[in-house]
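Here is the structure we will look at, set down as structure tokens.
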Amino acid sequence: MNTRFLDACWGKQVDRTPVWLMRQAGRYLPEYMAVRSKCTFLELCKTPELAAQVTLQPVDILGVDAAILFSDILTPVEPMGMKLDFVPGPVFENPVRSMADVEKLRIPCMEQDVPYVLETLRILRRELAKKVPLIGFGGAPFTLACYMVEGKGSKDFAQIKRMMYTAPDVYAALMEKITTMSVEYLNAQIAAGAQVIQIFDTWGGILSPADYRRYVLPYSTRLISALNRIQTPVIHFVKGSGTMLDTVREAGGDVMGLDWHVSLAAARNSLGPAMAVQGNLDPTVLFGTQAIIEREVSRVLEENAGRPGFIFNLGHGILPTVPAENARFMVECVHRLSQS
Ligand code: CP3
């Protein structure tokens, strides 16, 4: 079993820097497209054998040091009572806009309502036994609320911000309910075999640091502190967190995920040696030549300067138009250039 990813999450010394890629199972892989051409994205998420199959693809093809469950952050929101579609971005037919809408949302029973997620994890632990650790994941309460209130992706997030400022009681009730759901969902993933949990707060960085502290931090803190973390490290990835790392850090968590807008050296200096970090190559570097990819991998490793508690990753998900060979080359560079 390759444990360098788990060891790095706990801040231990490793033989080489562990590496995986956010969204590493997906459309840039022809092998994924072959499976995906026979069903919809949601059908793929809900069929454990297929979800497990595409989870394993990047482990074998890229040589990454971790597998991440194939699913979506919005999977557990559907059984709260919200009809979900992907076109390919997520769309909710009935967005949450009022207290009555929040009251109608139910907290799913995980074994009954998302059995396919838990079954996929169980299959994966068996399949991965001698390979790499398994990451489970969920959306942070704020990012889930963004999709539930906007009904889809957004440029300005006017609906959720309007709710925050004009109906704070509705906003708070919604965030409480999502947080409660997320605690149960992620603890169910841990019980089913997830060895690390990553929390994706893709939209946390659209708020000012003061609003992040007021409207997001309390819920992310409650979520992280309620997880069964004794043997399961938590990676907290807040995109756009570079200007408020001290605040985001207060949420707890063992590893801070970083996007590419912050220098890794500056982030490590401000967070100190006790906090492990993950990141932070600009995903578009993978459009570059091998010379560029190698130069940029080397730069990120140099910024880390050999400090323990470092996991190499992109600063956000891999893009669907990236050549798979470039991703494979990036992984090889990380291992070769970080060898001790
Ligand atoms: O990392 C992995 O390989 C695991 C799978 C995974 C998916 N979504 C599969 C997916 C993970 C970890 C996610 C997380 C997710 N989903 C986030 C947080 C990470 C991030 O990228 O910010 C968010 C915001 C979502 C919501 C979501 N799902 C969006 C915005 C989209 C469309 C995006 C796009 O690239 O078009 C999805 C669809 C989705 N989720 C796909 C995949 C492989 C593409 C679906 C398809 O095959 O058609």
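Counting convention: from 1, in listed order, for ligands and their atoms alike.
- Among R23, Q24, M22, Q198, the residue whose heavy atom lies closest to atom 39 (C) of ligand 1 is R23.
- Looking from atom 46 (C) of ligand 1 to the surrounding protein, the closest heavy atom is R36 NE, 3.3 Å.
- Taking 4.5 Å as the limit, some side-chain heavy atom of W10 sits within range of a side-chain heavy atom of P233.
- The single protein non-hydrogen atom nearest to atom 19 (C) of ligand 1 is F200 CD2, 3.4 Å, given as residue, atom name and distance.
- The aromatic ring centres of F200 and F137 sit less than 6.0 Å apart.
- For atom 34 (C) of ligand 1, the closest non-hydrogen atom on the protein side is R27 NH2, 2.8 Å.
- Those atoms of ligand 1 with a heavy atom of G89 less than 4.0 angstrom away are 32 (C).
- With sequence neighbours excluded, no residue forms a ring-ring contact (aromatic ring centres under 6.0 Å, His included) with F92.
- The residues E250 and R213 are annotated as salt-bridged, a charged nitrogen and a carboxylate oxygen being separated by less than 4.0 angstrom.
- Ion pairing between D101 and K104 holds under the 4.0 Å rule for side-chain N and carboxylate O.
- For atom 28 (N) of ligand 1, the closest non-hydrogen atom of the protein is D72 OD1, 2.7 Å.
- Using a 4.0 Å cut-off between charged side-chain N and carboxylate O, E302 and R299 make no salt bridge.
- Between R106 and D113 there is a salt bridge, with a side-chain nitrogen of the basic residue lying less than 4.0 Å from a carboxylate oxygen of the acidic one.
- The shortest contact between atom 20 (C) of ligand 1 and any protein heavy atom is with H316 NE2, 3.2 Å.
- Contacts between S71 and ligand 1 below 4.0 angstrom, taking non-hydrogen atoms only, involve the backbone exclusively.
- Considering backbone and side-chain atoms together, Y147 places no N or O closer than 3.5 Å to any N or O of ligand 1.
- Annotation: F70 is in aromatic contact with Y32 [ring centroid separation under 6.0 Å].
- For the residues F86, F41, Y32, F70, the heavy atom positioned nearest atom 47 (O) of ligand 1 is part of Y32.
- Contact annotation for L69 and ligand 1: only backbone heavy atoms (N, CA, C, O) come within less than 4.0 Å of the ligand.
- Within the structure, salt bridge (charged side-chain N to carboxylate O under 4.0 Å, His left out) contacts touching residues 71-90 (residues at least two apart or in different chains) are K46-E78.
- For atom 3 (O) of ligand 1, the closest heavy atom belonging to the protein is A25 N, 2.9 Å.
- Given atom 18 (C) of ligand 1, the protein heavy atom at minimum distance is T202 OG1, 3.3 Å.
- Using a 4.0 Å cut-off between a side-chain N of Lys or Arg and a carboxylate O of Asp or Glu, D156 and K161 do not qualify as a salt bridge.
- Residue-ligand proximity, I68 to ligand 1, at heavy-atom distances under 4.0 Å covers atoms 1 (O), 2 (C), 3 (O), 4 (C).
- In this structure, of L74, D201, I73, the residue bringing a heavy atom nearest to atom 14 (C) of ligand 1 is I73.
- Protein heavy atom closest to atom 31 (C) of ligand 1, with residue, atom name and distance, is P90 CD, 3.7 Å.
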